[in-house]
Structures are given as C-alpha cells and as structure tokens.
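The structure under discussion appears below in the form of structure tokens.
The chains referred to below are lettered A, B, ... by the order of the sequence lines, with proteins before strands, and numbering in each begins at 1.
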Amino acid sequence: MPFEPVILFFLLGLFAGIIRSDLKIPAVLYDSLSIFLLLAIGIKGGIELARHSLAALAGPALAILAAAALIPLIAFVVLYRLGRLARADAASLAAHYGSVSVVTFAVAASFLSRNEIAYDGYMVVFLVLLEFPALLLGVVLARGGGSQTRWGPMLREVLGGKSIVLLIGGLLIGWLAGADGIKPLDRLFLDLFKGVLAFFLLEMGLVVASRLGDLRKAGAFLIGFGMAMPLAAATIGLLVGQFLDFSVGSSVLLATLFASASYIAAPAAMRIAIPEANPALSIGAALGVTFPFNLLLGIPLYHDMAERLNGVFQ
Amino acid sequence: MPFEPVILFFLLGLFAGIIRSDLKIPAVLYDSLSIFLLLAIGIKGGIELARHSLAALAGPALAILAAAALIPLIAFVVLYRLGRLARADAASLAAHYGSVSVVTFAVAASFLSRNEIAYDGYMVVFLVLLEFPALLLGVVLARGGGSQTRWGPMLREVLGGKSIVLLIGGLLIGWLAGADGIKPLDRLFLDLFKGVLAFFLLEMGLVVASRLGDLRKAGAFLIGFGMAMPLAAATIGLLVGQFLDFSVGSSVLLATLFASASYIAAPAAMRIAIPEANPALSIGAALGVTFPFNLLLGIPLYHDMAERLNGVFQ
Amino acid sequence: MPFEPVILFFLLGLFAGIIRSDLKIPAVLYDSLSIFLLLAIGIKGGIELARHSLAALAGPALAILAAAALIPLIAFVVLYRLGRLARADAASLAAHYGSVSVVTFAVAASFLSRNEIAYDGYMVVFLVLLEFPALLLGVVLARGGGSQTRWGPMLREVLGGKSIVLLIGGLLIGWLAGADGIKPLDRLFLDLFKGVLAFFLLEMGLVVASRLGDLRKAGAFLIGFGMAMPLAAATIGLLVGQFLDFSVGSSVLLATLFASASYIAAPAAMRIAIPEANPALSIGAALGVTFPFNLLLGIPLYHDMAERLNGVFQ
Amino acid sequence: MNPRLHHKCLLTIICEGEIERPLLAALQRIGVRGHTITEARGQGEHGDRDALWPSSANIRIEVLCDSNVADAALSALESEYFANYGLIAFVSDVGVLRTQKF
Amino acid sequence: MNPRLHHKCLLTIICEGEIERPLLAALQRIGVRGHTITEARGQGEHGDRDALWPSSANIRIEVLCDSNVADAALSALESEYFANYGLIAFVSDVGVLRTQKF
Amino acid sequence: MNPRLHHKCLLTIICEGEIERPLLAALQRIGVRGHTITEARGQGEHGDRDALWPSSANIRIEVLCDSNVADAALSALESEYFANYGLIAFVSDVGVLRTQKF
Ligand SMILES: Nc1ncnc2c1ncn2[C@@H]1O[C@H](COP(=O)(O)O)[C@@H](O)[C@H]1O
Ligand SMILES: Nc1ncnc2c1ncn2[C@@H]1O[C@H](COP(=O)(O)O)[C@@H](O)[C@H]1O
Ligand SMILES: Nc1ncnc2c1ncn2[C@@H]1O[C@H](COP(=O)(O)O)[C@@H](O)[C@H]1O
Ligand code: NA
Ligand code: NA
Ligand code: NA
C-alpha cells in the first residue's frame, strides 16, 4: 500500500511542534486554508451531485443517518458507564465522535485517488449531513432529558457554523454552476487542492503537538478510546456501505467519516452548549489521538477491511 | 444571457452575513486578496498596453476624463439640491461615485470573457485614470471653493493610496516585462485570477451584509440614488464609448467603470479629507446598494444597452 | 544579459515604501509566503537529492563549509579592526554575512533558469548547511572565547528556527516522496513558486524601504562594507566552485550563497545570543545594502565572473 | 489627574474566543454601551492558549462604563462564566472627558 | 505601589484605523515621544466596527507620557476629532522605573 | 471601587517580539502564574517598529499579579533587558474578584 505524501507534512508539523521550533503558522492562515478546503470540497461535491438524482440519494442518506446515530450513543455509554467520565464530558465527547472531520475525509479521498480506487463524488453530501446531528444529540445526552437547553441559539450556532455554511454553499455553487461554470475556477479550487491540504496538514501537525499536553489530562482510558472508537465506528460504516452496495472506495470514505471526530464544528458548538464539559478531554482525544490515528493507520486499514469485506460478500 | 458563477460566491457571503454565521474572512485575507487583484489587473493591462501606442490612447483618455467629470457633478447636485443632504455628505458621495470600483470592473471583464465578447486590454488604463480625479473634485465640492483644504497631504494620501500604487505598478511591470517576461508568473497572476476574484467576492458579500444596517441610516432617497446613479453614469459611459468607436465589450467596461462607485480608495481618502461627511451614508450607498446592483443587474443590463446602441448607430 | 522581471516587484515595493504609500503587506502574509518559499525550495532540493548519492556530496559539502567559515572571520576582522565597531556588533554582522539569504538564492536560481543556464538541484543542500554554522561562530566571536554563552538555548533556537526546520523538512519530504509522490502538489509548490517569489519581493521592497533609516545609523563604512563584502565572498564562492568543478550555474549559486547575508535566521538568533549588538547596524547593512545590491547588481555580476573564470581555467 | 476628567471604570475581560458572542450579549443585557476587542493569546490555569487555531485563541475585551455597570458585569461573569471558562476580569479607574458617552 | 516607581499617565485612544496617520502626526506635534498600537474592533455610538475590511477596523493607541502631555493630547482630540470620528480616549495612572524615558 | 474587589498589580511590558521566549521564561522563574499577549507595533527610542516583518514586530505582555511579584519582575527587566532591548514596562492598580487566582 503506497503511502500518502501529504501525511509527511503532518509529521513535519508534529515534529516541529514537539521540538518547540519557532515555526508558527499564523492563525489567519489556518482560517484561510480551512475556508478554502471547505469551499473546494463542497464545490467538488456539488458538481458530482448535479450528475445524480437527489431522490436516489434520499434512501442511502436516511440509512446512513440512522446508523451514524449509533456512534455518539455507543461513545456516550462507553465513556459514561465504563470510563466513569462526568456526564457533560461523556456527552461532549460523544458529539465530537458522532460528527465528522473534513480534513480526514479529504486525506482519505486523496489516498483513494493515489491508489486509483474509484469513489462516488456525492459522498460529500453525507459529509455535510453527518456534521451536525451528533452535536444536537450530544446536548440531549448532556442534559439527560432535562429541558434547560436553549435550542434556538444552539441551532443557530450549529447551522450558521462556518463549516456547514461553506460546505452547503460550495455544494450549491457546484450544483448550480456545474463543471462548465466552475471551469475558470478550477485553477484555484481543483488544481491547488492537494497542495493546500498538505499545507493545512503541516499546520494541523503543529496544533496536534500543542495539544499533546492535554493527553496527560485525558489519561490512558481516553487514549485507548481514541483508537478503539474509530475502529468500531469504521466497522459500522463498512457494514452500512456493504448494505447500500457502495463501491470499495465509497465504503472507505463512509468508514472514514464514521471513524473521524470533528474538531472544527464540534469544539465551538460544545463550548457554548455544554459549558461544564472540559474541552481538554474532547480535544485531547479527538485531535491528539483519533486524528493522527486515522491519518497514519486508520485509512489504509479501513481500505484493507473494505477489500476483505467485499471479498466475503461477493 | 448566461449568469456569471463568481456572483454565486458573493451571494453566499451575503447570505452567511445575513444569517449571522460565524464565517468570518480574516481582514488580512481581505488585504492580501485585494493586493493580488490590483496587481494582477495592472499587470494584465500593462501587457496589453505594450502592444499599443500610448499616443493613440491620449485622445480617448482625455474624452473619457472629461465625460467622467460629469458624474460627481451630477451626483453632487442631485444629492445636495434634491436630496437635501449636507454639503459634506453630498460631496463625499459624489467622490465615491465619480471614482471606480476595481472589483466591479473585474466582474464585468469576467462576464465578457464568459460570453466571448472581446474587449480591449488597455481599458485598465482608464480604470487607473478614473480612480482619483473625482476624489479631488469631491474635496473641492465639499469646501465650496473655500481655500481651507490642505492639498499636500490630500494628494499624497490619494496618489500614495495602495490601489493607485498597485495598479500603476502592475501596469509598469506588465509593460516593461511584456507577455514573455511575465510568463513564469502566469500560473499565479493569470490562472488564479478568477478563483481569487470568487474568493474576494465571498468576502465582499460578508462585508456588504455587515453594512446593510447603514442602509437604514441612508434612507429611501439614498437607496434610490444608489440604483439610479449607476444607470445614468452607465448611459454616459455607453455614449462616450459609441463616440470613441469602442467595441461593444470595451463600451460595457467603460459603462461599468462610470457606473461603479469606489469603496477602496474613496472611503479612506474622504475620511481624511472631508471629516464631517458621515461614512455610513457613502458606504451604505456605494457598497450596500450600488455594488450588488452592478454585479447582479447592472453589468448584464449595460451589455444589453450596448448591443442595442450599437444596432442603432450602425 | 536580460533582466529578471521578479526584481521589478522588489523595486515597486521599495518605491511604495519610500513615497510612504499606505500599501502595507500584512505581517501574516510575510510569514505565510516565507513558509511557502522555504518549504518549496526544500522540496525541490529533496527531489533532486534523491537522484544523487549522498556520499558523493559529502566531499564538496566539507570543502564548502570550510571555505564558508572564512567569510564571518574576514567580516569580523574588517569590522572590528578596520571599522572599529564594538566587538558585539562586529560579531553579529559577521554571523549575518556568514549565513545565507534564501530569497537571494531563489532569485539567483530564477535568473539562471531565465537565461537557460543549468545548475544542480542539490545546491539547496549547501543552502541548508550554510545557514547555521556562521551563527555559532558569531557567538564565539562576540564572547571572545569567554565561556559565558549558554549554548543549549542558543542551539535549540538556531536548529529549531523555522528556516532550518522548513528547509530540512522540505528536503526530507522531497527525498522520501520523490518527483512522483510530489506531483499532485506541483500545482502549488512548483507552478506558483515564481509568482509567490515576486509577491514576496514586493514585500521585501517595503521592508527594505522601512529600514533605509537604519542606514544613517550604520554610516558610510558599513554601507561600503555591505557592497564590498558580497563581492569578496562571491569571489571565494566562485573559486571554490571552480575547485569543485561545478558548472557555471552551480558556481553562480554558490557565489550567491556566499555573497548573501541572512535576514531570517540571523536577526532572530543574534537578538537572543548577542543582546548587546545593535540590530539596526546588522539589519541596515544586510537588508538595506547587501540584499538589493545582490538582487540588482550582484547576481548578474557573479554570473559574468563565473563565465570569465570558466574561460580562464578551460 | 486633570480636574476636567470624569472618573469611569475600565473593565477588562480576557477569555476564550469561542464565547465572544454569548459574553457580548450578556454584557449588552447589563447595559454596556460599547466595547473594544483585541485578539490575544496567553497562559493561565487552563493551560497554554497559543492561538494556533480557533479553539486555543483568546480575546481581550475592554468596556468603559460606570462603576455600577462594571459591578453588575463582574457579578454576571462570576455566576455564569468563572466556573467553566478560561477567563480573567479586572477593573481599573480611568478618566475621560465625555462622561455622558459611557 | 513600589516607592521606586515614578508616576506617569497612560493615555489610551481607540479610534478608526483610517485616521492613524494624521492622529499620530498630531500627537507628535504635541510632544509625544513614543506610542504602541494594536489592531482592534468594537462597538459604540458609531455602530459596529467589525474589522472585516479596512473601513470598519479600529486601532488602539497607547501613549505613556507626563500628565501635561496627556492633557494637551486630550484637548487636541476634543477640538479636532471628537465631533467627526468614532473615537474614545481615557487616561490612567501608572508607575514606571525610567521617568526620563517618557 | 467595589469593596468586594481585591487589589492587584497589572504589569504591562511592550517589547520586541523576538525576545518573547526568554522573557516569558524569566517571568515564570519569578513566579508569574499567567500572562496575556497581544501583537503590537509602535515607536520609541529604538525607532519605528512597524511590524512589517518579524524583526520589527512588538508584543504587548500583561501580567496580573501581586505587587511583590511585579516588583521582582521589574527588577529583572531592569537588570537584564532595559539596556539592550526596545522595551517599556509599567504597572497599574486594578481590582479583581478572585484574589487567590493571581
Ligand atoms: N495572571 C495573569 N495575568 C495575565 N493574564 C492572565 C493571567 N491569568 C490568566 N490570564 C489570561 O486569561 C486566560 C484565561 O485564564 P485561565 O482561566 O487562568 O486559564 C489566559 O489564557 C490568559 O490569557
Ligand atoms: N464604552 C466603551 N467601552 C469600550 N470601548 C468603546 C466604548 N465605546 C466605544 N468604544 C470603542 O471606541 C470605538 C469608537 O466609539 P464610538 O465613537 O462610540 O463609536 C468603538 O468602535 C469601540 O471600539
Ligand atoms: N511613550 C511611549 N508610549 C507608549 N509606548 C511606547 C512609548 N515608548 C515606547 N513605547 C513602545 O515600546 C517599544 C519599545 O520602546 P523603545 O525602547 O523606546 O524603542 C516601542 O516600539 C513602542 O511600542
Ligand atoms: Na465520526
Ligand atoms: Na464611477
Ligand atoms: Na553569506
């Protein structure tokens, strides 16, 4: 399995952070690159979407949403019962793992392209759909059915979050303009995508390095959770992919979505919606463990599992 | 008339701003992208300029400058007499509408390319020429012939303004280096131009949304002015284009220059030169009304008008 | 000798700074572009390196390092004895001139490409190797053999400096991934390189303009030194290139490395390691004199000298 | 201090950037009429806030107001924010010319 | 306060970024010998200054000086800037070690 | 000032950005438990610090602490930094609710 070069940028950032290099990528560049990536992913998905009937996607979408709801529930039970975390912390972590990581998705897509494995471009639609329901579920779990939650501001926060706005906005732009309309923008949004992803991963390496200290607070249980949970979630994703007759490539993407934990939308939303939850735990696990785990080991592994599963069912 | 996809980015930004999304494009990115656009437009113009005799442009330039001087004068009279605005406000608004919007020009050029309508590359020279005379005129109008104006700092402010420096600098670089010399830079300055414009329009959408509140201060008269003035100015531009025997494409660009209102050079210069003028009025009208009006309706309309006018005179 | 268009961007920035234009390139863009340039140079070098045996480079590397050590020594003696500068200032300046300027190197490489003069891609390795030894030497010279230096923090500062980390990181990435692995990133790191360099030079022009005031503090002796020293150092570089049987192109690059003075790694390191040294002197000379001197006159001159020398020895 | 100057309170809050919106809304409910924000980073009980990415960025909010408004704001911070958020708040005495403005 | 410390005035001005140049020039004419600027955004009588683009950005200027210089600066602000610009200014007492420096 | 408030010292240091690391390390040795940094530019004896590039950028460090810690910090600055670096430092009195935090 040939390795994916963009990961080297992540490792470089991680290394620079760990040796406490004075390399610092300005926060503004982080913002700019993430806006670019979200828009570009949305646009690419929208162009693909224009080639399919939306109605045909409704069935798979429902199945995927239903299966995905299992992830935060499993995560919550494991963390709250087994891990004896505070209810708020367990709920916030559940929301992070139930939601998705856009960059992990992009690296998985790039891994597939590099290995010439086809996947459906409309998978981006599921990325968008999976982003926010888990955040709402997390709040419900935190409140334990109590009625204190101010849903209005919470919903506005989540649906007006920049990742949702840019992904959906990109989808619509790609869908309305089509491949032809977007062509003059291809030089920016398509050709530079991989390079920008590499640059962003360099930055993510620095961020992850700065969060390694949080891991100590998180403790061994949470570190284990940060690796076991993506494996379990990816397995669910692969089974759903099989059930929906997805190609190997699309199944790997779905597994990656399920396995990934959000660190853009979720931290911001949870900080407001579940103030008692300690962000060091959720960010330590999601960013310090699960993100590098998926990048370095998870994605190739899910691909391997998808191939085998495909063999079994054929 | 096929619609221009970059406008979708503007609408996305506008929408995100209106729903108060947390999408914020860092101010630094605004600065960076505008530097890029100004330089790139200058360079493209300079390359074209190298293919023409400067002497041949002198005549049209004089005619255009003379006709363009009408715009701030008309605007001032309408606002001061009819709209009963304070003298300072009327003068500042006149300066904004007499000057030009570089991004509106770029969208018009992009509209023409998309519809395969030829235009002369040296139109950028007129963009540069039209940028600052109206600013000086605005100051004269504000002072009512009084002699208080400190012209020295004012002139330095205007001529050292970044839009003038980058446009003229780009013109010179393009002119000196020529198409061949610029070729290694084409990957950045030409290929990415449209994508960067789209990105910048996303940002402009956010900015416009944040200025919609100013519209309430501006009132109905100024909102009407923000749409009638570009129509009048564009008509003058089209007649001048006809008089100078411009192609339809070049006429549309000239009409767009006349119709557009400055929101880079003018606000900065007016804030210093006419302190009593309320920037909420000028920015509300120029950015809140005229900019979106030109983008969404004006440019295709000016094209339509140019086609008809061309038919009439042929 | 055809002139190099990217230099026009430097002149534009310089001009804008001198007339005190309000054109300001945000510091964050400076950081972002310099990260890009360092990484891209490293990656290009790494790809080339993969095509050569590392062992074969060890000999030349040693010869170059030995010869390069002469530069700070000469600089120190000239400044301390002849120029009667304070020991700390002489030592800090020696460190700046002993280290290298990555941007000057990039402009020289671009000059060679433009004139279709071949050079060896692995020259980047020498760029990396020459960056930091002079900094250590500078500290030794400042201390005069005293034992007060806290080498630990100093070494960490220098080796963890962002230029070293990005250059070596880029080298490793290019080397590990190879031309094929990097191909999807070429659109960013190769195609845009020249354009980004132009943009960065615009910024450098502004920075140099803002440092011209320091030249007054530096005085005539230091201004003279800022032009004589690169000439002397380039001559050493050309002789070493001749000795190592380098091609004309590679010799010009080596001469440029020797002639250039650092203004990324050196100022930061010297500010910590030699606090008594006045940064206005070293930055005034390195950035205010030597950098433009090399860009405008030095590089074509070193090429001329390399051609003649080649003629002599053949 | 110059006798023309009126005494006012300057309340400074340094907190996680992610709570900007609810915090400003709370201040507005209390009657604050203006504020100034600068981007910040720092260190404290909640660890290193290096501003490398949005979740580790701080903001520094200044509010110039009457002392009773500052007190009300401090009380709101104490009851709603101190427990769960990385946040410090302090007040100082300053002089202004236009007392009615704040 | 530490008896080694000398009393000085800290004048803080928060204003529209577009008037940075003339304002600094005015301060220099008054005799100010140094200043510090940070980029800012905020809200006040002149509405929302969100720093999304240059025309809506603020700056925060600090000047450490003698009280008579601060008074002169305040008077200049009052006569030339208060009426037309979004701007606040306040002074506070601070202690420094090097009294001759400011 | 509100009687619930405890007196503390606010030490503000404005200095060259390049000395951030050693300076923070020195403050930590003295016993400082937190700090806040904003990016700054400015002008002073050492000329124009326009923040156009890293070597001309300033930072503004705030430390909220007890007055004896502030004194120790000032002494350290005086002996190790005043001579060689562009740097100013000043202290002011502020009030906080949680005295044990600082
Ligand atoms: N003693 C202090 N002096 C200055 N700033 C502080 C101090 N303590 C905390 N801060 C700031 O307040 C933020 C939150 O503080 P904390 O809740 O202690 O983590 C930190 O990230 C710092 O920016
Ligand atoms: N009460 C206040 N507290 C803190 N900052 C303020 C206050 N009022 C105004 N400002 C700042 O000063 C700027 C100009 O104020 P104004 O003229 O009231 O619009 C605002 O954009 C804020 O940044
Ligand atoms: N009087 C002053 N008021 C405010 N800030 C100052 C003052 N003097 C110096 N500074 C700041 O401190 C930095 C270093 O000062 P200096 O050592 O005087 O060059 C300057 O770049 C300014 O940011
Ligand atoms: Na997930
Ligand atoms: Na116009
Ligand atoms: Na050198």
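In this structure, chain D has heavy atoms under 4.5 Å from both the backbone and the side chain of E:Ala40. For chain D, the nearby parts of E:Arg41 are the backbone and the side chain; heavy atoms of each come within less than 4.5 Å. Proximity to chain D (any heavy atom under 4.5 Å) is restricted, for E:Ile14, to the side chain, taken from C-beta onward. With a 4.5 Å cut-off on non-hydrogen atoms, E:Leu11 does not touch chain D at all. With a threshold of 4.5 angstrom between heavy atoms, D:Leu64 approaches chain E through side-chain atoms but not through N, CA, C or O.
Note: D:Gln28 CD to E:Gln43 CD = 6.0 Å, rounded to the nearest 0.5 Å.
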| task | Show your reasoning for whether salt bridge (charged side-chain N to carboxylate O under 4.0 Å, His left out) applies to D:Arg4 and E:Glu78. | result | CA-CA 12 Å; D:Arg4 288 171 61 214; E:Glu78 193 174 22; 2.3 Å; yes
| message | Please evaluate residues D:Arg98 and E:Phe82 with respect to the criterion side-chain contact (heavy atoms from CB on, under 4.5 Å), reporting the C-alpha separation (whole Å), side-chain torsions for both, the decisive distance (0.1 Å), and the verdict. | response | CA-CA 9 Å; D:Arg98 295 170 294 177; E:Phe82 278 1; 3.5 Å; yes
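Here the closest heavy-atom approach between residue D:Val94 and residue E:Ser92 is recorded as CG1-CB, 3.9 Å. Contact record, E:Ile88 with D:Lys101: CG2-CE, 3.6 Å, taken as the closest heavy-atom pair. Here the shortest heavy-atom pairing between E:Thr38 and D:Thr38 reads OG1-CG2, 3.9 Å.
Annotation: maximal heavy-atom pairing with chain E below 4.5 Å, among D:Val32, D:Leu10, D:Leu24, D:Ile37, occurs at D:Ile37.
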